[in-house]
Asks: 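One structure, as structure tokens, below. Some questions next.
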2 protein chains.
Amino acid sequence: MDIKEGTEMTRLESARKGIITEEMTEVALAEGVTPEYIRDRIADGTVIITRNTQRTDLKPLAVGKGLRTKVNANIGSSEDVLDPAEELVKLRAAIDAGADAVMDLSTGGDINAIRRAILAEATIPLGTVPIYQAAHDSGLKGKSFVELTADDIFAVIEEQAKEGVDFVTVHCGVTRRSVERIKIEGRVMGIVSRGGALTAEWMEFNKKENPLFEEYDRLIEIAKKYDMSLSLGDGLRPGSLADATDKGQIEELIILGELTKRAVDKGVQVMVEGPGHMPMDQIEANMLLQKRLCNGAPFYVLGPLVTDIAPGYDHITSAIGGAIAAKSGADFLCYVTPSEHLRLPTAEDVTEGVIASRIAAHAADLVNGVPGAMEMDLKMSRARKALDWNTQIELSINPERARALRESSAPGDSDVCTMCGSLCAIKITNEAAI
Amino acid sequence: MDIKEGTEMTRLESARKGIITEEMTEVALAEGVTPEYIRDRIADGTVIITRNTQRTDLKPLAVGKGLRTKVNANIGSSEDVLDPAEELVKLRAAIDAGADAVMDLSTGGDINAIRRAILAEATIPLGTVPIYQAAHDSGLKGKSFVELTADDIFAVIEEQAKEGVDFVTVHCGVTRRSVERIKIEGRVMGIVSRGGALTAEWMEFNKKENPLFEEYDRLIEIAKKYDMSLSLGDGLRPGSLADATDKGQIEELIILGELTKRAVDKGVQVMVEGPGHMPMDQIEANMLLQKRLCNGAPFYVLGPLVTDIAPGYDHITSAIGGAIAAKSGADFLCYVTPSEHLRLPTAEDVTEGVIASRIAAHAADLVNGVPGAMEMDLKMSRARKALDWNTQIELSINPERARALRESSAPGDSDVCTMCGSLCAIKITNEAAI
């Protein structure tokens with residue numbers, strides 16, 4: 001990799017000057033929009049292209065207004081499950097299932113080595129949460145996370161940026177004021193974000209403001225140097241339906257909106273992260289709020305999970321919430337796997353999670369008029385009407401699964417399937433020319 | 001079973017006279033509403049209790065306005081997969097997973113025997129589509145379905161009613177006019193309902209009107225005799241997003257609305273069946289239309305599936321659509337399994353389908369203020385905050401699955417799970433008293 005530190009304009013600065021870069025042309029083609037559209041949306045902060053300048057070999061990914069809804073898969077080790085090889089298996093599972101990005105959330109084992117291995121192999125953008133590494137490193141030095149200095153934390157972020165991480169989650173909105181509002185509220189679940197909890201713990205112990213908030217300009221400078229995107233984390237996202245859209249969550253969102261503007265003004269691309277656990281009827285309002293408070297910055301949501309009672313099936317609760325969110329303005333869905341709330345996901349969970357989120361994203365895209373989305377469904381319907389099984393399988397969101405199910409149950413008449421046999425409505429009406 | 005033909009008022013007639021029956025009291029208790037509420041909603045046709053008078057041992061099930069959204073599981077054999085024992089396995093899977101009703105849609109093997117075996121064992125209401133048996137029987141007699149007379153069809157319906165079937169799907173809205181409107185429209189997928197296709201084929205061949213429409217009063221009489229509910233089938237439901245909310249679909253719905261009134265006026269309970277494949281942004285309007293055109297009769301929807309491209313995952317596309325539908329007025333969700341469009345479902349598919357639909361139903365119930373719904377989520381959140389794993393598993397929508405996932409990945413510290421280990425946000429914040 002070539003090191004090109006601060007020698008060029010960021011893509012946001014280029015866009016603002018009216019320049020269409022090669023990257024913008026490339027993503028425009030992939031999205032079915034004009035390069036001018038991409039340029040203008042980058043300039044106003046409603047679209048980002050995420051690719052670290054160190055990763056010249058990576059295909060750039062655009063996220064935001066009017067574009068196909070993207071899907072992220074979280075992978076990474078934990079203290080209890082820390083085989084580096086398994087993380088590469090999960091990476092491949094995510095890519096094979098059609099994820100647009102991955103985040104390495106490793107917290108166990110040699111997490112530097114895991115991240116570097118993923119970076120070397122990932123053909124899609126990579127995001128991280130640098131304070132996980134900071135927390136882990138502090139443990140290695142026999143220190144607690146709360147004993148780290150602001151410099152320690154920024155050093156880790158800079159190191160990861162330099163290595164080529166494309167976007168970083170930074171919990172800058174967890175401040176004295178927003179945490180205070182959580183306490184006044186008396187939440188059922190309190191803080192459920194790991195980064196949010198670590199940050200709040202650090203602040204409580206040190207009796208200081210969050211350094212990522214207080215020294216936010218340092219973060220902007222690091223991001224700018226590598227044209228790395230900032231993903232402003234929702235450390236105070238609700239972890240229970242009962243806590244959704246409460247004052248602490250909205251206080252944090254207001255802060256993130258203010259920080260979005262500061263970064264965008266300085267030429268750094270930003271997306272904003274969102275909830276979380278949320279009743280269906282609050283999702284649309286939350287999407288509108290984020291767009292209004294954050295000047296239309298891309299919204300990257302985790303879920304939302306529309307009920308708390310379905311551990312083992314949170315890819316489904318998340319697909320319901322994600323579809324409604326994407327229809328109402330969310331641009332980027334972070335998947336949730338069937339293992340959420342129960343264990344670290346396996347590679348099989350990764351596949352299930354990515355597919356469920358892609359279904360949600362696509363269901364929204366086709367009603368939002370995203371170029372090419374509805375045409376996919378039309379092609380599938382035509383293949384069904386023609387009883388053309390090969391084409392149906394090819395057009396399926398996961399052809400391998402569709403093929404396996406069909407092949408597991410062979411019909412006597414290969415025109416139909418074993419659900420209906422000769423009572424197949426398509427076959428009856430085709431033959432009767434109705 | 002005692003035969004009590006026509007000796008008593010139907011429950012709709014009782015309700016209209018102001019009488020609260022034992023059944024009404026029983027379902028009111030199960031639903032957390034007053035017996036008066038149930039009586040008044042039955043009287044105005046917005047709630048039904050489904051239980052054939054022949055099934056005195058069956059717990060009655062209420063479906064409709066203001067009540068918990070119910071879930072139906074379709075089981076039954078096909079020409080290619082016709083082991084009767086397997087259908088009883090599926091029945092048990094449906095009941096174990098929490099289905100509120102099952103429909104036996106058998107079309108292969110000895111379907112009379114299968115239905116009778118299911119009826120003998122089902123502790124939840126059973127629905128059927130009698131013309132499947134008529135079609136099957138005609139084949140045994142060496143005849144085509146189109147050669148059956150109206151009398152043949154009514155005889156099958158009466159036979160099933162007498163045996164104790166609790167509700168029957170009857171495709172009365174597939175008429176010359178509605179089928180003509182499908183043709184004028186030029187649908188992508190045409191007719192995708194088996195019952196709809198058979199009926200249209202019969203009409204085309206015989207150059208006659210649909211007997212279930214033309215002699216609808218005969219149907220009312222049969223239903224009345226056994227207080228069996230009529231489920232007015234949507235034989236013209238869209239089978240492609242491209243066909244959703246078209247003129248043929250709405251013509252059929254108008255007809256079903258008129259037929260609903262005729263049955264309700266004569267003391268027979270009715271629910272109306274609905275789509276189908278449908279883009280997310282059309283679901284709410286469709287729910288409103290049904291309620292308006294059918295005088296608020298309970299709406300029983302199949303899906304809706306919010307994209308056509310996900311065979312292998314249609315329990316998820318259906319959970320998205322079903323949640324939005326239930327939030328907007330649907331009362332009863334017919335599950336869709338992962339095998340839809342590919343093969344006859346297995347018992348495992350039945351479990352997955354029921355759970356996905358129950359998630360959708362519950363996500364809607366909690367925002368619709370259904371008594372007790374939100375409390376379930378609140379209890380789960382409190383168990384999570386307390387790191388009380390046994391309670392979390394007990395409160396899960398499928399405790400067996402939740403337990404299996406947790407036990408498959410044992411954490412070093414039993415307070416947490418292997419996702420976060422010592423970085424568990426709950427543990428950190430509980431210990432730091434944040």
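Chain letters run A, B, ... following the sequence lines, proteins first and then strands; every chain starts at 1.
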Asks: Quick check: are there more than 12 heavy atoms from other residues, nucleotides or ligands sitting under 6.0 Å from NZ of B:K379?
Replies: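 For B:K379, atom NZ is not crowded (no more than 12 foreign heavy atoms under 6.0 Å).
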Asks: Does the side chain of A:H341 pick up a donor-acceptor pair with the side chain of A:D314 at under 3.5 Å?
Replies: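 Side-chain D/A pair, A:H341 to A:D314: present.
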Asks: Considering only heavy atoms, which portion of B:V146 lies under 4.5 Å from any heavy atom of chain A: side chain, backbone, both, or neither?
Replies: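 For B:V146, no heavy atom lies under 4.5 Å from chain A.
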Asks: Please classify the contact between B:A402 and chain A as side chain, backbone, both or neither, with a heavy-atom cut-off of under 4.5 Å.
Replies: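 For B:A402, heavy atoms of backbone and side chain both lie under 4.5 Å from chain A.
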Asks: Applying side chain to side chain contact (heavy atoms under 4.5 Å, CB included), run through B:M419 and A:E340 and close with a yes or a no.
Replies: CA-CA 8 Å; B:M419 169 85 93; A:E340 185 77 15; 3.3 Å; yes
Asks: Find the one option among B:A319, B:A242, B:G322, B:P399 whose heavy-atom pairs under 4.5 Å with chain A are most numerous.
Replies: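 Ranked by heavy-atom pairs under 4.5 Å with chain A, first place is B:A319.
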Asks: Below 4.5 Å, heavy-atom pairs only: which of A:L366, A:V81, A:T107 has the largest tally toward chain B?
Replies: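 Greatest number of close heavy-atom pairs with chain B: A:L366.
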Asks: Between A:S408 and B:R343, do the side chains contain a donor N or O and an acceptor N or O under 3.5 Å apart?
Replies: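 Yes, because at least one side-chain N or O of B:R343 sits under 3.5 Å from a partner of the opposite role on A:S408.
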Asks: Tell me which of these, B:L378, B:I309, B:L405, has more heavy-atom pairs under 4.5 Å with chain A than the rest.
Replies: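 Winner by heavy-atom pair count: B:I309.
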Asks: Do the side chains of B:D413 and B:K427 get close enough for a salt bridge, i.e. N-O under 4.0 angstrom?
Replies: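 Answer for the salt bridge query: yes.
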Asks: Between A:H315, A:R401, A:M380, A:E407, which shows the greatest number of heavy-atom pairs under 4.5 Å with chain B?
Replies: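 It is A:R401.
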Asks: Who wins among A:V179, A:I393, A:I316 for the most heavy-atom pairs under 4.5 Å with chain B?
Replies: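 Most heavy-atom pairs under 4.5 Å with chain B: A:I316.
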Asks: Quick check for you: among A:A425, A:G321, A:G139, which has the greatest number of heavy-atom pairs under 4.5 Å with chain B?
Replies: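 Among the listed options, the one with the most contacts to chain B is A:A425.
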Asks: Taking the side chain as everything from C-beta on, heavy atoms only, tell me whether A:N398 gets closer than 4.5 Å to A:R358.
Replies: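 A side-chain contact is absent here, since even the closest heavy-atom pair is not under 4.5 Å.
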Asks: With respect to chain B, which residue among A:H362, A:R382, A:H136, A:E204 yields the maximal number of heavy-atom pairs within a distance under 4.5 Å?
Replies: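 Max contact count across the listed options: A:H362.
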Asks: Only pairs of heavy atoms separated by less than 4.5 Å count here; which of B:R403, B:K385, B:R384 has the most with chain A?
Replies: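 Between B:R403, B:K385, B:R384, the count favours B:R384.
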Asks: Would you check, one step at a time, whether the test side chain to side chain donor-acceptor pair (under 3.5 Å) holds for B:T418 with B:S409?
Replies: CA-CA 7 Å; B:T418 58; B:S409 182; 2.7 Å; yes
Asks: Between B:T429, B:N430, B:I355, who has the most heavy-atom pairs with chain A when the cutoff is under 4.5 Å?
Replies: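 Top count of heavy-atom pairs under 4.5 Å with chain A: B:I355.
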Asks: Measure distances from B:P345 to the heavy atoms of chain A and classify the residue's part below 4.5 Å as side chain, backbone, both or neither.
Replies: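 When you check distances to chain A, only side chain atoms of B:P345 fall under 4.5 Å.
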Asks: What part of B:E352 is in contact with chain A, defined as an atom under 4.5 angstrom from a non-hydrogen atom: side chain, backbone, both or neither?
Replies: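 B:E352 touches chain A through side-chain heavy atoms alone.
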Asks: Under a 4.5 Å heavy-atom cut-off, does chain A meet the side chain of B:S193, its backbone, both or neither?
Replies: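 Answer is backbone: N, CA, C or O of B:S193 sit under 4.5 Å from chain A.
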Asks: Between B:I428 and chain A, with a heavy-atom cut-off of 4.5 Å, which part of the residue counts as in contact: side chain, backbone, both or neither?
Replies: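 Just its side chain gets close to chain A.
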Asks: Counting heavy-atom pairs under 4.5 Å with chain B, which one of A:G190, A:A432, A:P411 comes out on top?
Replies: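 Counting heavy-atom pairs under 4.5 Å, the top option is A:P411.
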Asks: Is there side-chain contact between A:L241 and A:L305, with at least one heavy-atom pair below 4.5 Å?
Replies: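 Not touching, per the 4.5 Å side-chain cut-off.
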Asks: If you count heavy-atom pairs within less than 4.5 Å of chain A, which of B:M280, B:K327, B:E431 leads?
Replies: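 Top count of heavy-atom pairs under 4.5 Å with chain A: B:M280.
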Asks: Measure B:E79 against the heavy atoms of chain A and call it side chain, backbone, both or neither at under 4.5 Å.
Replies: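 Interface part for B:E79: side chain.
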Asks: Short question: side chain of A:D349, backbone of A:T346 - any donor-acceptor pair under 3.5 Å?
Replies: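 Between the backbone of A:T346 and the side chain of A:D349 there is a qualifying donor-acceptor contact (under 3.5 Å).
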Asks: Step by step, work out the side chain to side chain contact (heavy atoms under 4.5 Å, CB included) result for A:F145 and B:L423.
Replies: CA-CA 10 Å; A:F145 177 76; B:L423 290 183; over 6 Å; no
